[in-house]
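These notes are about the structure you will find just below.
Both backbone and side-chain heavy atoms feed into the values below; hydrogens, waters and symmetry mates do not.
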Amino acid sequence: MQKLIECVPNFSEGRDLNVIRQITGAIESAEGVSLLDVDPGASTNRTVVTFVGNPDAAVEAAFRAIKKAAELIDMRKHKGAHPRMGATDVCPFVPVSNVSWEEAIACAKQLGRRVGDELKIPVYLYERAAKDQSRSNLSVIRGGEYEGFFEKIKQPEWKPNFGPSVFNEKSGGTVIGVRDFLVAYNVNLNTKSVRRATSVAFDVRENGRIKTENGTPSGRPVLDENGDPVRIPGMLKHVKAIGWYVEEYGIAQVSMNLTNIDETPLHAAFDACAEAASKRGLRATGSEIVGMVPKKCLVNAGKYFLRKQKCSEGAAEEELIDIAVGSMGLSELKPFDPKEKVIEYKIESDSKKSLLKVNLREFCNQTLSDSPAPGGGSVAALMGALGASLGGMVANLSAGKRGWDDKVKYFSDWAVKAQQLKDQLLFLVDEDTAAFNKVMTAFALPKDSAEEKAARTAAIQSANKYAAEIPLRVMETAAKSYPLMAEMAENGNPASISDVGVGLLAVRACVEGASMNVRINLATLKDEKFSSVLLEKLRKISADSEAQLKKIIQVVDGKLNNS
């Protein structure tokens with residue numbers, strides 16, 4: 001599945017639009033990234049840029065931007081209201097989807113090493129990427145700013161993680177790291193009172209409120225043994241919150257920054273505000289997301305609200321997002337468009353051709369045409385997706401069966417698994433066609449000189465390897481549907497046993513169809529060791545598939561015969 005990481009570099013130039021355009025142009029010149037936002041500030045003389053891409057592309061784009069900033073920005077002349085220590089002051093990576101913290105940290109270190117070695121700029125690692133936790137805080141690293149770093153860098157404890165231990169006069173230094181995704185999130189209240197909204201904010205925010213002797217805001221603070229005010233913590237970790245009045249909408253809101261959406265997700269913040277508001281005679285009527293969010297925020301919220309309703313969580317991501325939008329009232333103030341607010345949807349190119357965007361008739365027409373793609377590989381992957389979908393359908397129907405309330409979680413878990421398998425196989429529908437197109441592109445390479453012939457041959461071999469690996473992934477993924485089919489055949493709603501049977505046959509057709517595509521692509525390969533490994537995997541998956549089919553089909557036939 002697609003890996004996405006966000007990068008939010010801050011550049012020490014917010015007034016010269018020509019310089020800013022050249023830096024963002026360097027970012028966009030890297031293949032595989034999407035520029036989401038450019039926010040220049042004249043008074044701070046600083047521009048915050050947001051872009052996303054796969055990890056390798058994001059590192060390359062960030063390096064090009066840092067290099068361009070070093071060429072164009074002279075820190076000896078820089079003046080601005082914001083603290084800074086270099087032309088590229090800070091460059092954090094933020095995991096968005098399918099990227100682990102370890103992968104993100106590897107990105108930060110890879111970029112830091114390149115910037116230090118190739119550009120000769122001192123680099124410090126911060127937040128999760130920091131090797132020394134005593135210098136993980138950005139403000140601590142940046143202390144003394146550009147002017148003070150000429151002496152600071154000479155101190156042994158401030159030796160850079162990468163690059164020279166001499167401060168670069170023109171470019172300064174830079175801080176590269178990994179941090180959590182921050183979501184700006186506001187909950188709407190049915191009041192205009194800032195005071196009441198602030199009370200709700202104090203109830204939910206991590207910092208809570210100061211404890212007073214009489215329990216009222218105007219009371220005398222209770223002090224600890226050090227003479228510091230004692231605080232009553234709020235309901236949520238990793239949340240900063242205030243109450244304010246929004247003139248545009250005529251309502252008060254609880255305005256929050258969620259700094260760790262894994263530990264305190266969006267739906268938890270909404271429910272906490274709703275609970276705190278209710279205790280004060282108020283209602284949380286809706287909410288709004290400021291900026292953009294990773295898809296998982298809304299998908300997880302949709303699952304959470306389905307759990308509250310004691311319903312199966314095995315819904316498609318589009319449906320889960322709709323449930324999240326409705327449950328949290330995200331369209332109360334203005335229409336909420338996931339295509340504009342969800343990072344993964346925003347970066348999907350409208351020009352990108354995808355078989356998943358056409359209807360069934362169009363898919364069949366394209367398959368039936370004289371074009372070799374989509375072909376058997378994509379159709380096999382689609383068969384697997386349909387098989388998993390039928391298994392998931394039976395799971396969802398079983399979860400909703402009257403009298404089976406105690407089995408909801410059991411069937412819901414299987415439905416969620418089915419959704420995952422379906423999505424993986426649908427991704428491979430497009431990927432198989434893309435793999436075939438890579439083979440055609442390789443064959444179209446020039447072959448006039450000996451060098452061109454050698455490069456073309458190598459490209460063809462590489463493309464054919466990938467074209468063989470994709471249908472093998474289809475086989476491996478589809479085969480994971482057999483446990484789902486077995487459970488639904490044994491324990492699912494008996495009225496849907498024929499659907500299990502059809503799904504089972506679709507999965508088997510997928511596995512065997514994909515195996516043919518593996519074999520035909522291996523036939524042209526010269527790498528015998530590679531071919532041997534893939535063929536061994538193919539034989540094992542096929543044999544296991546036949547054994548699973550034989551066992552499960554007996555259960556299906558038995559129940560059909562007794563119906």
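- The only option from T285, V246, I251 that meets the side-chain contact (heavy atoms from CB on, under 4.5 Å) definition with L333 turns out to be I251.
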Side chain to side chain contact (heavy atoms under 4.5 Å, CB included), that's the test. Do R179 and Y126 meet it? Break it down for me.
CA-CA 8 Å; R179 64 167 172 78; Y126 85 116; 4.3 Å; yes
Go through the steps for R114 and E60 under the test salt bridge (Lys or Arg N to Asp or Glu O under 4.0 Å), then give the verdict.
CA-CA 10 Å; R114 285 193 67 187; E60 178 61 31; 2.9 Å; yes
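- Under the 4.0 Å criterion applied to side-chain N and carboxylate O atoms, E469 and K465 are not assigned as salt-bridge partners.
- Checking side-chain atoms of Y245 against main-chain N and O of A197 turns up no donor-acceptor pair under 3.5 Å.
- For the pair S136 (side chain) and Q133 (backbone), a donor-acceptor distance under 3.5 Å is present.
- A284 and A274 get closest at one heavy-atom pair: CB-CA, 3.8 Å.
- Remark: the Q419 side chain and the K422 side chain contain an N/O donor-acceptor pair separated by less than 3.5 Å.
- The cationic group of K438 lies under 6.0 Å from the six-membered ring centre of Y466 and within 45° of the ring axis, placing it in a cation-pi geometry.
- Minimum interatomic distance between A87 and A69 (heavy atoms only, all atoms of both residues): CB-O, 3.8 Å.
- Looking at K170 and R76, their side chains come closer than 4.5 Å, going by heavy atoms from C-beta outward.
- No side-chain donor-acceptor contact under 3.5 Å links S12 and D89.
- Here the CE atom belonging to M292 is positioned 12.0 Å from the OH atom belonging to Y345, to the nearest 0.5 angstrom.
- At least one donor-acceptor pair closer than 3.5 Å links the side chain of D430 to the backbone N or O of L355.
- Proximity of V115 to R113: side-chain heavy atoms (C-beta onward) are nowhere separated by under 4.5 Å.
- Remark: the backbone N or O of F11 is not paired with any side-chain donor or acceptor of T47 at under 3.5 angstrom.
- When all heavy atoms of C311 and S412 are compared, the closest pair comes out as O-OG, 4.5 Å.
- Partners of E6 according to the salt bridge (Lys or Arg N to Asp or Glu O under 4.0 Å) rule, which considers only residues two or more places apart in sequence or in another chain, do not exist here.
- In this model, no donor atom of one side chain and acceptor atom of the other lie less than 3.5 Å apart for T259 and D180.
- For K341, the NZ atom is densely surrounded, since the number of other residues' heavy atoms within 6.0 Å is greater than 12.
- A donor-acceptor contact shorter than 3.5 Å is absent between the side chain of S462 and the backbone of A458.
- Side-chain atoms of S378 and T433 include a donor-acceptor pair closer than 3.5 Å.
- No hydrogens or angles considered: a donor-acceptor pair under 3.5 Å links the side chains of S139 and N137.
- A salt bridge links E147 to R84: one of the charged nitrogens lies within less than 4.0 Å of a carboxylate oxygen.
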Please step through salt bridge (Lys or Arg N to Asp or Glu O under 4.0 Å) for the pair E206 and K240, ending with a clear verdict.
CA-CA 7 Å; E206 182 173 16; K240 301 173 182 177; over 6 Å; no
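- Checked by atom type and distance alone, the side chain of N186 never pairs as donor or acceptor with a backbone atom of E288 at under 3.5 Å.
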For the pair R46 and E13, evaluate salt bridge (Lys or Arg N to Asp or Glu O under 4.0 Å) and give the outcome as yes or no after the intermediate values.
CA-CA 5 Å; R46 184 182 188 86; E13 177 56 69; over 6 Å; no
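- Across all non-hydrogen atoms, the minimal contact from E103 to S100 is OE1-N, 2.8 Å.
- Taken from CD1 in I20 to OG1 in T24, the straight-line distance is 8.0 Å, to the nearest 0.5 Å.
- No donor-acceptor pair closer than 3.5 Å links the side chain of D432 to the backbone N or O of L428.
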Evaluate the salt bridge (Lys or Arg N to Asp or Glu O under 4.0 Å) criterion for residues D337 and K339: first the C-alpha distance (whole Å), next the side-chain angles of each, then the deciding distance (0.1 Å), finally the verdict.
CA-CA 5 Å; D337 184 356; K339 292 180 181 178; over 6 Å; no
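- Using a 4.0 Å cut-off between a side-chain N of Lys or Arg and a carboxylate O of Asp or Glu, K296 and D262 qualify as a salt bridge.
- Side chain of D132 to main chain of S134: a donor-acceptor pair is present (N/O by atom type, distance under 3.5 Å, no hydrogens or angles).
- With S287 contributing its side chain and M328 its backbone, the two residues share a donor-acceptor pair below 3.5 Å.
- Between the side chains of N188 and Y249, no donor-acceptor pair of N or O atoms lies under 3.5 Å.
- Look at R473 and E431 and you find no salt bridge, because none of the NZ, NE, NH1 or NH2 atoms lies under 4.0 Å from a carboxylate O.
- Looking at R209 and D203, a side-chain N of the basic residue comes within less than 4.0 Å of a carboxylate O on the acidic one, giving a salt bridge.
- For the pair T264 (side chain) and K237 (backbone), a donor-acceptor distance under 3.5 Å is present.
- Looking only at side-chain heavy atoms (C-beta outward), V96 and K3 stay at 4.5 Å or farther from each other.
- For the residue pair S278 / R283, no side-chain donor-acceptor distance below 3.5 Å is found, with atom types taken as modelled.
- Taking every heavy atom of both residues into account, L236 and A268 meet most closely at CD2-O, 4.1 Å.
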Please report, to 0.1 Å, the donor-acceptor pairs under 3.5 Å made by any side chain of residues 48-58, with sequence neighbours excluded.
unit_1 : atom_1 : unit_2 : atom_2 : d
N54    : OD1    : D56    : N      : 3.2
N54    : OD1    : A57    : N      : 2.8

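- A centroid separation of 6.0 Å or more is found between the aromatic rings of F270 and Y185.
- Taking NE2 of H78 as the reference point, atom CD of E145 lies at 9.5 Å (rounded to 0.5 Å).
- Summarising the geometry, atom CG belonging to L138 is positioned 9.0 Å from atom CE belonging to M85; distances are rounded to the nearest 0.5 Å.
- A pairwise comparison of heavy atoms in M256 and V204 identifies SD-CG2, 4.4 Å as the closest pair.
- Looking only at side-chain heavy atoms (C-beta outward), N207 and P233 stay at 4.5 Å or farther from each other.
- Between K154 and S165 there is no side-chain heavy-atom pair separated by less than 4.5 Å.
- Within the 4.5 Å cutoff, side-chain heavy atoms of I141 are placed close to those of R135.
- In this structure, C273 SG and L282 CG are separated by 11.0 Å, a value rounded to the nearest 0.5 Å.
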Set out, in order, the CA-CA distance, both residues' side-chain angles and the distance that settles ring-ring contact (aromatic ring centres under 6.0 Å, His included) for F162 and Y124, then state yes or no.
CA-CA 7 Å; F162 301 105; Y124 294 87; over 10 Å; no
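- The shortest distance between side-chain heavy atoms of F181 and L258 does not fall below 4.5 Å.
- Residues F336 and L298 are in side-chain contact: their nearest non-hydrogen atoms beyond the backbone lie under 4.5 Å apart.
- From T191, atom OG1 reaches atom CD of Q253 across 12.0 Å, with rounding to the nearest 0.5 Å.
- Within 6.0 Å of atom NZ in K334, 12 or fewer heavy atoms from other residues, nucleotides or ligands are found, so the atom counts as exposed in its surroundings.
- Exactly one of D271, I289, I261 qualifies for a side-chain contact (heavy atoms from CB on, under 4.5 Å) with L266. That residue is I289.
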